[in-house]
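Since the structure comes first, as structure tokens, the remarks are kept for the end.
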Amino acid sequence: MKVKVILLLLLGAVAASAAWLLFRDGSTPSPTARITRDGVLLEEINLNQVDAPRSFVLEDESGSNTVAVEKGRIRVSEADCPDQVCVNQGWISSEAVPIVCLPHKLMIEIVNGGGGLDGAAG
Amino acid sequence: MERPVKGAGRIARLALLTAIALTIFMAEAQIPALTTVPGVKLGLANIVTVYIVFSMGPGDALLVLSGRVFLGAVFSGQPMTLIYSAAGGFLSWCTLILLRKLLTRDQIWLASPVAAVFHNLGQLLAAAAVLRSWAVMAYLPYLIIAAVIAGLFTGIAAQALIRRLDKLKK
């Protein structure tokens, strides 16, 4: 009895997760990358307005990450952390999952929106 | 449940189990990541945690778990991972204590997937706190599915281990 209840709960959690992954809206017409460290906004880039690929280094006392942007997508190309999780994640181009660099408290998420409007937030 | 071992015997046993757990943890860390989703791994060292919770007691399990998590972070050279492992480890330990009351000795395999789900949830909550953003919750569905699969695997392994060790004692 208990076994069945627990198994059903697990199955329910897996089914809900699968449904969440399958049915979420991944399309982002105007992808804007928000790069934050420790919750503080560092950069905001409207990815559709990136004409030529470029990269830049984000550095603080915990370490450095090199971020590369191209039209419509963004990635971390280099990081000086040992695990390289953020680098291995590769390019992201939609709101689906953010890139996180836990050792450096850095996060790159894509939001849908204008961009450039958040200048006052800093 | 076996007869509690006290004093030096208990210390030696906990040290041995910590060494085993740490060895498994470090060996597993050498396996290349299966997916690009951060946090997805087998968690083989948790076989030891499940074994201790069900065969020795929650207190001993917490001691070995803390020792392994701390030393694992030291040896892998990533002190920041300590926060995530500790949060995940603690939440899954709490889950295991609850399940210890619910499950019989033949149902231990079921404890592991549930604990694994809460481990990953704890890690994500810690990550959300560090990054000060709920955006990391986008990983939750991946991590739930991965936790159930990996947890079933380690749970069955822990069950087999306990069955064999019980047989040895007879």
Side-chain angles (χ1 to χ4, degrees), chain A residues 1-24 26 33-41 62-63 75-76 79-92 94-111, chain B residues 29 32-33 35-40 73 76-85 95 98-99 101-104 106-114 116-118 120-121 123-124 126-149 151-152 155:
Chain A
M1 180 59 200
K2 277 173 300 191
V3 174
K4 274 188 191 152
V5 172
I6 295 174
L7 272 178
L8 273 179
L9 286 176
L10 284 175
L11 201 69
V14 170
S17 305
W20 180 359
L21 289 179
L22 287 173
F23 295 117
R24 72 172 158 200
R34 284 173 55 91
I35 306 174
T36 54
R37 187 188 310 274
D38 222 351
V40 180
L41 185 67
S62 59
R75 71 164 172 147
V76 176
D80 62 357
C81 59
D83 62 2
Q84 301 287 310
V85 166
C86 54
V87 178
N88 291 336
Q89 244 180 295
W91 295 101
I92 61 167
S94 76
E95 290 169 86
V97 284
I99 294 176
V100 284
C101 171
L102 291 175
H104 304 162
K105 298 182 183 175
L106 193 79
M107 182 168 72
I108 304 175
E109 59 180 316
I110 292 186
V111 294
Chain B
T35 66
T36 56
V37 180
V40 172
S76 62
Q78 299 172 54
M80 271 299 285
T81 61
L82 191 61
I83 303 170
Y84 314 107
S85 312
T95 317
L98 285 177
L99 290 169
K101 306 246 181 277
L102 284 173
L103 298 173
T104 67
D106 298 320
Q107 299 167 347
I108 291 172
W109 60 275
L110 199 52
S112 194
V114 183
V117 169
F118 280 94
N120 285 354
L121 186 65
Q123 267 192 327
L124 269 187
V130 168
L131 298 165
R132 307 212 187 146
S133 161
W134 289 109
V136 283
M137 285 298 153
Y139 287 117
L140 189 60
Y142 294 105
L143 289 181
I144 287 177
I145 295 172
V148 171
I149 297 169
L152 277 175

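In what follows, every chain begins at residue 1, and chains take the letters A, B, ... in the order their sequences are listed.
- In this structure, the portion of V117(B) lying under 4.5 Å from any heavy atom of chain A is its side chain and not its backbone.
- Note: L10(A) CG to I144(B) CD1 = 10.0 Å, rounded to the nearest 0.5 Å.
- Residue L99(B) touches chain A through its side chain alone, counting heavy-atom pairs closer than 4.5 Å.
- Atom CZ of R132(B) sits about 12.0 Å away from atom CE of M107(A), to the nearest 0.5 Å.
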Original post:
Does the side chain to side chain contact (heavy atoms under 4.5 Å, CB included) test come out yes or no for L102(A) and T81(B), once each step is laid out?
Top reply: CA-CA 8 Å; L102(A) 291 175; T81(B) 61; over 6 Å; no
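- Heavy atoms closer than 4.5 Å to chain B are found nowhere in I108(A), neither backbone nor side chain.
- With respect to chain B, the highest number of heavy-atom pairs below 4.5 Å among L9(A), V97(A), N88(A) belongs to V97(A).
- For the set I6(A), V85(A), L11(A), the entry with the most heavy-atom pairs within less than 4.5 Å of chain B is I6(A).
- Only the backbone of L106(A) comes within contact range of chain B, with at least one heavy atom under 4.5 Å from a heavy atom of that chain.
- Within the 4.5 angstrom heavy-atom criterion, only side-chain atoms of V148(B), from C-beta onward, approach chain A.
- Annotation: maximal heavy-atom pairing with chain B below 4.5 Å, among V14(A), V40(A), L21(A), occurs at L21(A).
- Without hydrogens or angle criteria, Y139(B) side chain to P98(A) main chain gives a donor-acceptor distance under 3.5 Å.
- Interface remark: E109(A) contributes side-chain atoms only to the contact with chain B (heavy atom separation under 4.5 Å).
- Between L131(B) and T36(A) the shortest side-chain heavy-atom distance does not fall below 4.5 Å.
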